[in-house]
Protein chains: 2
Amino acid sequence: MSTDVLETDTDGPADMAGPANAWTVAGLLADPLRRRLVELLSDGPACTCHLVTDTGAKQPTVSHHLRALREAGLVTAEPRGRFTYYRLVPEQLRAAAEHLLSLAERARANDDRSREC
Amino acid sequence: MSTDVLETDTDGPADMAGPANAWTVAGLLADPLRRRLVELLSDGPACTCHLVTDTGAKQPTVSHHLRALREAGLVTAEPRGRFTYYRLVPEQLRAAAEHLLSLAERARANDDRSREC
DNA sequence: AGCTGATATCAGTCAAGATTGATGTGATGG
DNA sequence: CCATCACATCAATCTTGACTGATATCAGCT
């Protein structure tokens, strides 16, 4: 049998909310163009044509990166007629940020615990 | 006289506190081995040999990534005899995290402001 | 001084991923 | 119904960066 009949509409990120996600987000934000896309989308939802214009990158390239962001659940895609509107998912960014914060906190707490050789 | 007698000992990260830093941190955390190193160092300072043992990676590889982390100011190096102790700089992680948070916040605020085509 | 262990650097190799042109698909307008 | 626009996918190329073996450096030990 199969329970894989999920996410059949646009695309499903499989809802990873754990700590592993923070690393995924970091990996996505490592690329300059993807950073730019995220920044642009933080000003509000926009369709592909906007993002292509604003970034100056070719359309297939933008589509490619939007797909990566979509599959990670960092953005959602909403088809409207001929256009496809992309929208940031702040919760994902927030989760990643909080994970980094907890790591920083832990590092500060263990700052004086040097391991012996 | 000169006040540039800073960072002359081990290495100086140039103290980037802006949003550029967040992207740099993201880029660094994109690599699996570097994530591991950061995680290990969050448990407290350790020398290269520890990190080599714990990660299972070759020594030059670890040194290479430690250098990247060092140059970005994410870690500091403190030579002690034959060993070199590395220490996480929580402030950098924290700064990056806060930038992501502000981005998430902005995205949430502009969530209903879709751009027209 | 000579030796050994701990690290850093270098040059070469190789693989992952980014970019691009071509092409397919669905929606809109005449 | 045909032409066009917005977008996604594909196959190929190309660039970036990670890994490795060899080697240099420096500290401690005998």
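Here is the naming used below: chain letters follow the sequence lines, and residue numbers restart at 1 for every chain.
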note: A:Arg36, atom CZ; C:dA18, atom P; distance rounded to Å ~ 17 Å

Practice task
Answer with base, sugar-phosphate or nothing: what part of the nucleic acid does A:Ser63 contact at a heavy-atom distance below 4.0 Å?
Solution key: base

**OP:** Mind checking A:Tyr85 for me? I need base, sugar-phosphate or nothing, with any heavy atom below 4.0 Å counting as a touch.
**Re:** nothing

Rounded to the nearest 0.5 angstrom, the CG-CG distance for A:Leu93 and A:Leu28 is 10.0 Å

Subject >> Exam field: side chain A:Arg35 to backbone A:Ala30, donor-acceptor pair closer than 3.5 Å >> reply: yes

Heavy-atom nearest nucleotide on DNA chain D taken for B:Cys117 and for B:Gly27; more 5' hit belongs to B:Cys117

*asked:* Walk me through whether B:Arg113 and A:Asp43 qualify under side chain to side chain contact (heavy atoms under 4.5 Å, CB included).
replied: CA-CA 8 Å; B:Arg113 297 194 179 178; A:Asp43 286 330; over 6 Å; no

Has B:His50 got a side-chain atom pairing as donor or acceptor with A:Glu116's backbone, closer than 3.5 angstrom? yes

Open item on the list: Under 4.0 Å, heavy atoms only, any strand: does A:Cys47 hit a base, just the sugar-phosphate, or nothing?
Closed with: sugar-phosphate

### Query
Taking atom types as modelled and ignoring hydrogens, do the side chains of B:Thr55 and B:Arg36 form a donor-acceptor contact shorter than 3.5 angstrom?
no

OH of B:Tyr85 to CG of B:Leu51, rounded to nearest 0.5 Å, is 10.5 Å

Check: Would you say A:Arg87 has more than 12 foreign heavy atoms packed within less than 6.0 Å of its CZ?
Finding: yes

_Within the 4.0 Å heavy-atom criterion, would you say A:Leu33 contacts the bases, only the backbone, or no part of the nucleic acid?_
sugar-phosphate

Outer limits of DNA chain D sitting under 4.0 Å from a non-hydrogen atom of chain A, read 5' to 3', are D:dC5 to D:dT9

Between A:His65 and C:dG17, is there a side-chain N or O to OP1/OP2 distance below 4.0 Å?
no

When rounded to the nearest 0.5 Å, the distance separating CD of A:Glu98 from CD of A:Glu105 is 12.5 Å

Each nucleotide of nucleotides 20-30 of chain C classed B (base within 4.0 Å of a protein heavy atom), S (only sugar-phosphate) or -, in 5' to 3' order, makes BBB----SS--

